[in-house]
Structure formats: structure tokens, C-alpha cells
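Report on the following structure.
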Amino acid sequence: MTNVPAAEKSTLPTNSSVGMPVIKSNHPRPQLLHDGVSDGHSSGSVIADSRPEPTPEFLAELAETSIKLEAAAPQEILRWAVDRFGDKFTMATAFGPEGMTIIHMLAQFSPKTPIFNLDTGYQFPETLELRERVLQKYGIAVEMKQPINTVEEYERINGGPVYKVDPNRCCGDRKLAVLHEAAKGMLAWASAIRRNQSPDRAVAPIVGWDKKFNLVKVSPLANWTKQQVWKMIRDEDIPYNSLHDKGYMSIGCWPCTRETTFGEDERSGRWSGSAKTECGLHSQG
Ligand code: SF4
């Protein structure tokens, strides 16, 4: 297993303590589509429905920051995001191992960063249990964001389970639409993707503009490996989904997830047997 570098332990370095450039100094705050003003700190004030505007200057800042943060520890990347976007920085989690490590990191220095789950109604009970375990261990209440229709209503309206006939639409209705709603009033979101999970994710910047959701997207684990994630989980006793001990490598909704066998790609159990590989949250198409 890959050793976790000392800088990635939970005693967190600040930018200055590890010699990283302090990135936020030379750039204006993100321009907003409305009249709100972000001061970029936890106490920052941004009017509720403001969104950052992807001006050329802002995009240049993000690109420059992303390059500077390429070699930074995930905690450092998260610290930058918390300093830069304050309480308008949020995190979406499916309670996967990567997301659990980010929750663990945020709990150390920014436990008030709002964290939410896209609660499709089709998640495994073992996944939902993690909300309680996070609450008990960290005192963080992950907000469960639900689609407008319950599963029963949704299937009745559509004459049965949509995931069987049009999984892209099902993900669109039960995940993407919910994230669009959750993004209101936010400036940036953290995702737990790793570049070596899939070709789609291989090109993810550390920090970039997410045009799908009109937010800055921060991917602190982009450069981490699966081994690094699991080492941290074990070393620091981070809660994880018990289904991982039963052969599930990547876990989404139960109708679209199967166990995997030794040697299979880590995401091969998702939408198995179809061409679909992503729910659409992390692709720009
Ligand atoms: Fe629907 Fe499957 Fe997508 Fe879940 S993963 S929202 S069940 S298509």
C-alpha cells in the first residue's frame, strides 16, 4: 500500500507552514451575477442567490490556483477553498471512501462547511447509515437533499422504474436536478473524485469552473490513489460503508450497483452491462 505523506495526516499544515504559495492575495473576489459581495472568509457575506460569474479574470485565477495546488495535500486544498469561499463552499457526498476522508478532513478545521447528500431514494441502507455515523463521530449533520418526487410517486408517474429504461434521465431527475437546487446561493463545491477512477475524471483540475452547475469545483483528492484513501481510512479510523467489506468497490444506488470481483475495474460495478459510466455530475457533456 502507498504510504500517506506526512503532510496528509490530520494534523494539518497551513499554506505558509509547508511553504506553499498563499494564493488568494492577488486576485479580486469572484464577480457575482447579482449584487452580492463575497469577502471570501467564513463570515463572508454573499446574497442568497448570487452566483460567481466566469469572467476571464476569474477563470484565469482558477487555472493559476489549480496549477499551484497540484502538489498540495488535500487538506491544504480544502483550506484554500474554505478561506476563499467561506460559508459558500459546500460539499456533496455519496458517503464513498473518498468522500468520507474529505468529511474527516473538514471535521478537523471547518466542521461548519455544509455537506449534503443527493438522496435519490434508491441508496442502500448501509449507505444511509453513514449519515448517523458521521453525526456521532464528528457532530456533522449531512443534509439529505431529495428530489421533488418520492420514489413511489416517481415510478407511478413514469409507469415504473425509470432506471430500467432510461438511467440517464433517472440520474438527471434524482441527482443532477437536486444538485442544481442545492447549488443555489453557493460559490464552490467539493467533489471527491480521483483522476485515476475513470477517463472522464482523468482530466479534472484541482480547481476549475463547473459550467454545468455554475460553481467553482474543487477536487482535493484528484491526485490521490485508492490506496492512499484506504490507508487514511484505516490509520485514522474513518467510518466507511460496510458494503465495501462485501465486495462492493464503488457504491451508488442499489439498482445500478453490483459487487465486483478481483481484478475488475473499481467502477465496473456501476451501471454494469450498460454503456453508462457516470451519473453526469462529473462530466461536462
Ligand atoms: Fe436512478 Fe440508477 Fe441514477 Fe440512481 S444511479 S439516480 S437509480 S439511474
Side-chain angles (χ1 to χ4, degrees), residues 90-100 102-103 115-132 134 142-184 189-194 197-201 204 210-213 215 217 219 221 226 229 240-244 246-261 264-285:
T90 187
M91 180 204 174
T93 183
F95 298 110
E98 290 80 9
M100 295 306 299
I102 294 179
I103 291 172
I115 302 174
F116 65 91
N117 167 264
L118 301 175
D119 189 11
T120 62
Y122 291 114
Q123 294 184 104
F124 288 96
E126 291 87 343
T127 304
L128 297 174
E129 263 173 31
L130 277 163
R131 185 187 181 276
E132 290 312 307
V134 166
V142 175
E143 189 176 353
M144 308 302 278
K145 300 271 192 186
Q146 278 130 3
I148 50 173
N149 300 124
T150 64
V151 164
E152 291 72 25
E153 290 166 347
Y154 188 60
E155 294 188 357
R156 190 175 63 245
I157 292 164
N158 289 287
V162 179
Y163 60 77
K164 286 187 176 173
V165 292
D166 191 349
N168 285 333
R169 194 180 132 221
C170 185
C171 281
D173 292 341
R174 305 200 73 78
K175 289 186 180 179
L176 275 71
V178 181
L179 180 52
H180 274 291
E181 199 57 33
K184 285 185 177 168
W189 71 296
S191 90
I193 59 173
R194 289 185 288 102
Q197 282 175 313
S198 70
D200 275 339
R201 298 179 182 197
D210 185 342
K211 64 185 180 190
K212 186 173 278 183
F213 297 104
L215 291 174
K217 184 172 178 178
S219 300
L221 298 179
K226 185 172 65 169
V229 170
Y240 65 90
N241 195 321
S242 59
L243 290 174
H244 291 300
K246 298 177 181 168
Y248 291 82
M249 273 198 284
S250 174
I251 300 167
C253 297
W254 62 260
C256 305
T257 303
R258 67 158 172 81
E259 296 154 88
T260 45
T261 54
E264 282 192 298
D265 178 82
E266 69 177 286
R267 286 182 60 80
S268 58
R270 306 289 297 277
W271 303 282
S272 181
S274 81
K276 184 172 169 67
T277 57
E278 293 278 354
C279 57
L281 295 176
H282 303 297
S283 53
Q284 289 298 313

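Atoms within each ligand, like the ligands themselves, are counted from 1 in listed order.
The distance from ligand 1 to the heavy atoms of Cys253 drops below 4.0 Å at these ligand atoms: 4 (Fe), 5 (S), 7 (S). Within ligand 1, the atoms closer than 4.0 Å to a non-hydrogen atom of Tyr122 are 7 (S), numbered from 1 in the order shown.
Looking at Asn117, its side chain does come within 3.5 Å of a backbone N or O of Thr93 through a donor-acceptor pair. Side-chain atoms of Arg194 never come within 3.5 Å of backbone atoms of Leu221 as a donor-acceptor pair (strictly under, hydrogens ignored). For Thr257 (side chain) and Ile251 (main-chain N/O), no donor-acceptor pair under 3.5 Å exists by modelled atom type.
No more than 12 heavy atoms of other residues, nucleotides or ligands lie within 6.0 Å of CD1 in Ile148, so this atom counts as exposed by the packing criterion.
With a cut-off of 2.8 Å, atom 2 (Fe) of ligand 1 has an N, O or S atom of Cys256 in range.
Ranked by closest heavy atom to atom 3 (Fe) of ligand 1, the top entry among Gly121, Cys171, Pro255 is Cys171.
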